[in-house]
**Q** 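Below is the structure I would like to discuss, written out as structure tokens.
Letters go in sequence order (proteins before strands), and every chain restarts at 1.
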There are 4 protein chains.
Amino acid sequence: MVRYKKSEEKRKQILYAAFQAIAGQGYDAVTLQTIADSAKVSKGVVHYYFESKEAVLVELLSWLTGKIYEKEAAAVSEQSKAADKMYAYIDSVFVSPEKNRDFYRVYLDFLARASRSAAYREINSRFYDNCARISAEIVELGQHEGVFDSRLSARETAPVIRSIIDGCLIQWLMNGQDELHAVYRDYCRKAVMKLLGSETGEKS
Amino acid sequence: MVRYKKSEEKRKQILYAAFQAIAGQGYDAVTLQTIADSAKVSKGVVHYYFESKEAVLVELLSWLTGKIYEKEAAAVSEQSKAADKMYAYIDSVFVSPEKNRDFYRVYLDFLARASRSAAYREINSRFYDNCARISAEIVELGQHEGVFDSRLSARETAPVIRSIIDGCLIQWLMNGQDELHAVYRDYCRKAVMKLLGSETGEKS
Amino acid sequence: MVRYKKSEEKRKQILYAAFQAIAGQGYDAVTLQTIADSAKVSKGVVHYYFESKEAVLVELLSWLTGKIYEKEAAAVSEQSKAADKMYAYIDSVFVSPEKNRDFYRVYLDFLARASRSAAYREINSRFYDNCARISAEIVELGQHEGVFDSRLSARETAPVIRSIIDGCLIQWLMNGQDELHAVYRDYCRKAVMKLLGSETGEKS
Amino acid sequence: MVRYKKSEEKRKQILYAAFQAIAGQGYDAVTLQTIADSAKVSKGVVHYYFESKEAVLVELLSWLTGKIYEKEAAAVSEQSKAADKMYAYIDSVFVSPEKNRDFYRVYLDFLARASRSAAYREINSRFYDNCARISAEIVELGQHEGVFDSRLSARETAPVIRSIIDGCLIQWLMNGQDELHAVYRDYCRKAVMKLLGSETGEKS
DNA sequence: AATGAATGAGGATTCATTCAT
DNA sequence: CATGAATGAATCCTCATTCAT
């Protein structure tokens, strides 16, 4: 009995409420009541649209990472040169202190779970793969353009790029100061470019 | 609050049990009963040595990061040349699939909490600072030795190095395959070295 | 309360669905949703035809016992001699393992309720009275025929006959083996006949 | 982890409270709160002594039927002649309106469940077997004494005797009148004796 | 010191019932 | 007439914490 199609609208509303709630209070401080309150619906409604609390969260992770990926892809496709694409990619993640704080708080909660739950890990893998594909394409383009180190393996570089992005944002989050957001983004940009061997780029 | 020094032994025993329990089942699936069972003491004892469950966890984070830092510092001090020190640093983190899995599972749980709790963030900052100091010293040494890019700011490079290390281990953890542990370690080593310009340096 | 005769058809359909659902899952595992699903109507419809869940169940008991009684009466009236009528009566209850299982499961649920609810008890009493009347008439006929013990009080014998029938079927149900259905029916037949002194009568 | 031995005393207290509660309100109207209240303990205590609500009930059935059986066995063993034993057996069941009402209310609830739950059925089977053994021994003794019909199979008669006893008490319970308790007991006694063919007994 | 019995607040989940469409 | 979305009361269960022994 896959009760679906019950107003996709309201499902989104609940997912967003769950996101807000987790961002605010943390994964396990969040109750269905909190979510329901935040979504301005009754407690029963959450269960009407979702099998269980777990189901809400699984779908939330899926939805969140899906959205992030779409934004990254869109940002990258607006540029034509490899270096510009890479900057666009990084900048599309470093959106703003507020958004990054909310997302990475929630994302860290999910990663913690994912380390033990195959379901979460699965969803996250899809996200990683998507991000890796974006990076790899940019790297290959850059190599064609002659601006990135031609000896690099695009496939092997992608995870490192993601490491730098996620690592920097986690450290920024742990630091707790909004002002440093731009600083960490800069660390990230420079590190990635250095990594890609764009000595050339820096020279200019 | 006389409760201290009662038996530093037993406190450690409980902390280790908590670590094992969290690594195994996850932060919120862990109950005081679980910890007590795992430490082979009664539930009451845990409360006898620690104010509350929260107190156990705060101390656990402190204890854990302290140990990791000590190992890193020890490993680095055994080498004399910058490049060797940096490899030693990285390798001291990439200990083994089993240990890394346990630690990063627990650590991710703490990071998730830390994003909202000043107490955890405080402890983690101390850890970050210690790690950053190690990296910075190595970078400076390498610059003196002439093997690392002299234009780099040691202070600014440190967080990126940590990003790569943590980022790679997180991705490895999400991947779920022990065999890839060495692969990710390699990505990490190469990326850090490339970043430090040792290759470029050699190239020119 | 105009709600009647709306469609006697659909009321029956719902009652039968309720019967099936209770037979299958048990009284309190049954929800209005289950009933509605089983009756291939929407949940709202059940409430449209019945005041409440309780109302469905009260009417179900009434309907069920009514049907059983009709079958008993019909079976008995097809025979003309007392002994044959009594056998027909018993056999009309011991229909088949499948039907008896379904009915007695549901009936036990009702008896449990009836022990505390006057409404259910009322309905059940009507059933008991009907059954008792059938038995009593057979007994009296048998006494006229000279095949049943003439010293027996027809009124007092009826409940004992019903005890044996219900008691045997309950024990069979608790036993869980379809194969024993015929065996218990046999116990029942013999016991009733012995009770009515037909054997003694023959003996003398 | 079979947490046991936690004061067998209190377990009994909770079981008795559960019995009282079910007798009063019915199986599914009974909540853990009701039981806890009735046992004058906190809600948590019930879960401390029993795995779950289900576990309480399973143990209750076991405990109840065990006690009933012991009483029957004790009553029978006090008599030496078959007919007296059989009367003692019947009378040990027909204790008093109050006790029979409580027991049969609860017992009917269990029977209803047992028809679907193997665990309950198992326990009830043990009870049936015990009762059957008592009856069978009495019947055989009576046959030796020459007061019971020697053609009867003791094994096959036992279930019928239990049917009459249970059947009569259920009908009495459905009737709702305390005054009829003695009347139904009498029906039961007479029917059983007639069944056992003790024409002899009646003549005297 | 240590134990583990007892407490009770809090949370996920279920479901009869209501009601707008 | 019919639907199924929405509600929220009620229930089982978990667990940190307290405390008598």
Side-chain angles (χ1 to χ4, degrees), chain A residues 3 5-7 9-11 14 28-37 39-57, chain B residues 2-3 6-7 10 28-37 39-57, chain C residues 2-3 6-7 10 28-37 40-57, chain D residues 3 5-7 9-11 14 28-36 39-57:
Chain A
R3 298 181 186 285
K5 285 283 121 62
K6 288 164 181 167
S7 165
E9 187 75 29
K10 191 149 285 186
R11 289 174 71 85
I14 293 168
D28 35 84
V30 161
T31 69
L32 284 187
Q33 188 65 69
T34 318
I35 296 174
D37 290 351
K40 311 256 192 244
V41 296
S42 83
K43 196 162 33 125
V45 168
V46 180
H47 266 100
Y48 187 69
Y49 286 90
F50 295 89
E51 207 70 31
S52 65
K53 188 187 180 185
E54 188 67 8
V56 178
L57 299 168
Chain B
V2 204
R3 60 183 51 168
K6 295 225 173 161
S7 164
K10 193 151 284 186
D28 37 274
V30 161
T31 70
L32 283 190
Q33 187 68 64
T34 318
I35 296 174
D37 288 351
K40 310 253 194 247
V41 296
S42 83
K43 193 158 42 117
V45 168
V46 180
H47 261 97
Y48 187 77
Y49 286 93
F50 295 90
E51 202 71 36
S52 67
K53 189 187 181 184
E54 190 66 9
V56 178
L57 299 168
Chain C
V2 204
R3 60 182 52 170
K6 294 223 174 163
S7 163
K10 193 152 283 187
D28 37 275
V30 161
T31 69
L32 283 190
Q33 186 68 65
T34 319
I35 296 174
D37 287 351
K40 312 252 194 243
V41 296
S42 83
K43 193 156 43 112
V45 167
V46 179
H47 262 96
Y48 187 77
Y49 286 95
F50 295 90
E51 202 70 36
S52 66
K53 188 187 182 185
E54 189 67 8
V56 178
L57 299 167
Chain D
R3 299 182 188 283
K5 284 281 123 56
K6 290 166 183 169
S7 166
E9 188 74 29
K10 190 148 287 186
R11 288 175 71 85
I14 292 168
D28 35 84
V30 162
T31 69
L32 285 186
Q33 188 65 68
T34 319
I35 295 174
K40 309 251 191 251
V41 296
S42 83
K43 196 166 29 129
V45 168
V46 180
H47 267 102
Y48 187 70
Y49 286 90
F50 296 89
E51 206 70 30
S52 66
K53 188 187 181 184
E54 187 66 9
V56 178
L57 299 168

**Q** Could you pull out all residues at least two apart from B:Ser42 that satisfy side chain to side chain contact (heavy atoms under 4.5 Å, CB included)?
**A**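 B:Ser42 satisfies side chain to side chain contact (heavy atoms under 4.5 Å, CB included) with B:Val45 only.
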
**Q** Just by protein heavy atoms under 4.0 Å, how would nucleotides 10-17 of chain F read 5' to 3' in B, S and -?
**A** BSSBBSSB

**Q** Which whole-number value in Å describes the distance from B:Asp37 CG to E:dT3 C1'?
**A**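 Going from B:Asp37 (CG) to E:dT3 (C1'), I get 13 Å.
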
**Q** Distance check: side-chain N/O of C:Tyr49 vs OP1/OP2 of F:dA2, anything under 4.0 Å?
**A**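 Result: yes.
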
**Q** Just verifying a value: how many Å separate D:Leu32 CG and D:Lys43 NZ, rounded to the nearest 0.5 Å?
**A**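 If I round to the nearest 0.5 Å, the distance is 8.0 Å.
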
**Q** Within this structure, what is the NZ-to-C1' distance between D:Lys10 and E:dT7, rounded to whole angstrom?
**A**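 In whole Å, E:dT7 C1' lies 11 Å from D:Lys10 NZ.
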
**Q** Under the side chain to side chain contact (heavy atoms under 4.5 Å, CB included) rule, collect the residues that match up with A:Asp37, sequence neighbours excluded.
**A**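 A:Asp37 satisfies side chain to side chain contact (heavy atoms under 4.5 Å, CB included) with A:Gln33 only.
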
**Q** So, for D:Phe50 and D:Arg11, which heavy atoms are closest and what is the spacing to 0.1 Å?
**A**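 Minimum heavy-atom contact is CE2-NH2, 3.7 Å.
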
**Q** Just to be sure I understand: a Watson-Crick pair is purine N1 to pyrimidine N3 plus N6-O4 or O6-N4, both under 3.5 Å. Using that and G-U wobbles, which stems of three or more pairs involve DNA chain E?
**A**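 So the stems come out as E:2-21 with F:2-21.
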
**Q** Do you know the tightest heavy-atom contact between C:Ser52 and C:His47?
**A**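 For C:Ser52 versus C:His47, the nearest heavy atoms are CA-NE2, 4.3 Å.
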
**Q** Mind checking side-chain hydrogen bond (donor to acceptor under 3.5 Å, both in side chains) for B:Thr31 and listing every partner two or more places apart, or none if nothing turns up?
**A**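 B:Thr34.
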
**Q** CZ of A:Phe50 versus P of E:dT14: gap in Å, rounded?
**A**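 A:Phe50 atom CZ is separated from E:dT14 atom P by 15 Å.
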
**Q** Give the rounded distance in Å between these two atoms: CD of D:Glu9 and P of E:dG4.
**A**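 To the nearest whole Å, that distance equals 20 Å.
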
**Q** If you assign each of B:Val41 and D:Ser42 to its closest nucleotide in DNA chain E, which residue comes earlier from the 5' end?
**A**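 Here B:Val41 is the residue nearer the 5' end.
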
**Q** Heavy atoms from C-beta onward define the side chain here; which of F:dA6, E:dA2, F:dA2 lies closest to that of B:Val45?
**A**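 Looking only at heavy atoms from C-beta outward on B:Val45, the closest nucleotide is E:dA2.
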
**Q** What is the distance from NZ of D:Lys40 to P of E:dT7, rounded to the nearest Å?
**A**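 In whole Å, E:dT7 P and D:Lys40 NZ are 13 Å from each other.
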
**Q** Tell me every residue that passes side-chain hydrogen bond (donor to acceptor under 3.5 Å, both in side chains) with C:Asp28, counting only those two or more places apart in sequence or in another chain.
**A**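 Scan of C:Asp28 (side-chain hydrogen bond (donor to acceptor under 3.5 Å, both in side chains), adjacent residues dropped) gives D:Arg113.
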
